[in-house]
2 protein chains.
Amino acid sequence: MTDCLSCIVRNRAICASLRPDELGLLGRMGRRQRVSSGHTLLWEGDDAPVVANVLDGVLKLVAATADGREQIVGIVFPSDFIGRPFGKESPYSVSAISEAELCIFHRDQFDEFAADHPDLQQKLLCRTLAELDRARRWMLLLGRKSAPEKVASFLLEMADRLSPPPSAADTARGFELPFGRQQIADILGLTIETTSRQLTKMRAVGLIDLPSRRKIVINDLAALNEMAG
Amino acid sequence: MTDCLSCIVRNRAICASLRPDELGLLGRMGRRQRVSSGHTLLWEGDDAPVVANVLDGVLKLVAATADGREQIVGIVFPSDFIGRPFGKESPYSVSAISEAELCIFHRDQFDEFAADHPDLQQKLLCRTLAELDRARRWMLLLGRKSAPEKVASFLLEMADRLSPPPSAADTARGFELPFGRQQIADILGLTIETTSRQLTKMRAVGLIDLPSRRKIVINDLAALNEMAG
DNA sequence: CGGCTTCATTGACCCTGATCAACAAAGCCG
DNA sequence: CGGCTTTGTTGATCAGGGTCAATGAAGCCG
């Protein structure tokens, strides 16, 4: 059922390390699943019985306090890997923030398969190391940057992560965020009001344009870099 | 020269996955090195030519803004692994905050060895996943918690991470932090003054005792948990 | 022991960003 | 098209925590 050879993330996901025959084996373990926007796939604290590759769409990893404050601790794009291999419950919940399509595996089955396929495991290790680096750079932002610096850093990171797909044309000529204002706030550790105010202020001084709710056009990349600290 | 079989972290470091003969091979690649308190081993942004196991002592991972604000993004204890396998520069600097002893490898040599030893790589993967989980929980603290919550969370985490070694006696009966006040502030994304004030306040209400600069005694674990949010 | 340096505490004040509240603009659907 | 809901913007006010500054307590070493 799952045809890995024609998979849209075939060469970018961790599966890229596998030979066709291995791929067939893994493919039979996997199952495609659509997830609709807003739906939560894994709950914080619950046992996480599945892992998955993201084929399409965007998901968020969210940690929350007992009284409901939320912090987005990770953003997951197509070809990225979701879940917690090798035991343990998920320390954060995973929710789709757009229509998404996943390639899901039972965790135990996946763990077993991974143990027999060092190349796959190495790909996973490299990804996890990169993700850890990203998380740590984000800790600097959360702990030490001011609101303007946070928003500027966010726009730069998004320009970087969202540019490759939407045509190679003019990278600087705008991109569409997969987030609403509240989600940007949850990524930056701010309130929705401060986020909105900072964006408005940046538009007022001509740094950026906001042609629609989720569209961003960067006019002055250098100044934005400066502003990001 | 390096006798892995009698190594103090033999059963806790990633080397625990290796057979004696493999261990001998790795051991000949490694080199013991003392690092004195305050010394920086790797610099943020520089190419990181080494990886290492920590045998003894405590080190910090620090990310900094251009203008010198610092955020501690990781704390490294004995048996933990340091460095960035598989290419790339280090995105943070690594400094000893106490006298430390390391078991150092050239990164390229280590990468090569790891590629041939899946079990080692799996151990490394598990460690990295755990570290990522920890980093993400810390992001919630940095982005969403108040100063009192931050300090309470910090004390609980430290009570947890520092208890096993220093005698199993009374876990609640105090432990010695390897940090000064400024470092606690850099971990929590606060200033040294706020950190100090929060600790003083907690002592005032009897939650904790502060018998000496770096010693902490927790009197009311439940209340502290409550306070941590 | 005594002076010096480093580290921690405490106080006064201020500013950034949170909170509360009203309003405006988009999207949605009958 | 028009009402309703959701999402975003803007304003007024407030407070948590930062900043600046002074004092106090520990460690260090001659």
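Throughout, protein chains are lettered first and strands after them, A, B, ... in sequence-line order, and every chain is numbered starting at 1. Keep in mind the model is a prediction, meaning the values are calculated, not measured.
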Side chain to side chain contact (heavy atoms under 4.5 Å, CB included) partners of B:Asp67, counting only residues at least two apart | B:Thr65, B:Arg69
Give me the bend of the helix from C:dC1-D:dG30 to C:dG30-D:dC1, using the axes of the five pairs at each end, rounded to 10°.
-> 40°
What pairs of donor and acceptor atoms, side-chain ones from residues 128-138 of chain A against any protein atom, are under 3.5 angstrom apart with sequence neighbours left out?
unit_1	atom_1	unit_2	atom_2	d
A:Thr128	OG1	A:Leu124	O	2.6
A:Glu131	OE2	B:Arg136	NH2	3.4
A:Asp133	OD2	B:Arg84	NE	2.6
A:Asp133	OD2	B:Arg84	NH2	3.3
A:Arg134	NH1	A:Glu157	OE2	3.4
A:Arg136	NE	B:Val73	O	3.3
A:Arg136	NH1	B:Tyr92	OH	3.0
A:Arg136	NH2	B:Glu131	OE2	3.4
A:Arg137	NH2	A:Glu157	OE1	3.4
A:Trp138	NE1	A:Ile187	O	3.1

Give me the first and last nucleotide of DNA chain C, going 5' to 3', that has any atom under 4.0 Å from a heavy atom of chain A.
-> C:dG17 to C:dA26
Sorted by first residue and then second, give each ring-ring contact (aromatic ring centres under 6.0 Å, His included) pair with at least one member in residues 182-229 of chain A; sequence neighbours left out.
-> none
Starting at atom CG of A:Leu190, determine the distance to atom C1' of D:dG16, rounded to an integer number of angstrom.
-> 15 Å
Report the residues that fulfil side-chain hydrogen bond (donor to acceptor under 3.5 Å, both in side chains) with A:Ser36, sequence neighbours left out, ordered by chain and then residue number.
-> none
A:Ser95: partners by side-chain hydrogen bond (donor to acceptor under 3.5 Å, both in side chains), with sequence neighbours left out | A:Thr40
Kindly give the heavy-atom pair with the smallest separation between B:Asn225 and B:Leu156, and that separation in Å.
-> OD1-CD1, 3.4 Å
Residues in residues 140-151 of chain B with a heavy atom under 4.0 Å of DNA chain D, by number, are B:Ser146, B:Ala147, B:Pro148
Sequence neighbours excluded, the answer for side-chain hydrogen bond (donor to acceptor under 3.5 Å, both in side chains) partners of B:Arg181 is none
Sequence-distant partners of B:Ser37, side-chain hydrogen bond (donor to acceptor under 3.5 Å, both in side chains), two or more places apart | none
Show me, pair by pair, the donor-acceptor contacts under 3.5 angstrom made by side chains of residues 188-207 of chain B, not counting sequence neighbours?
unit_1	atom_1	unit_2	atom_2	d
B:Thr191	OG1	B:Thr194	N	3.3
B:Thr191	OG1	B:Thr194	OG1	2.7
B:Thr195	OG1	B:Thr191	O	2.8
B:Thr200	OG1	B:Ser196	O	2.8

Can you give one letter per nucleotide of nucleotides 9-14 of chain D, 5' to 3': B if a protein heavy atom sits under 4.0 Å from the base, S if only from the sugar-phosphate, - if neither?
-> BBBB--
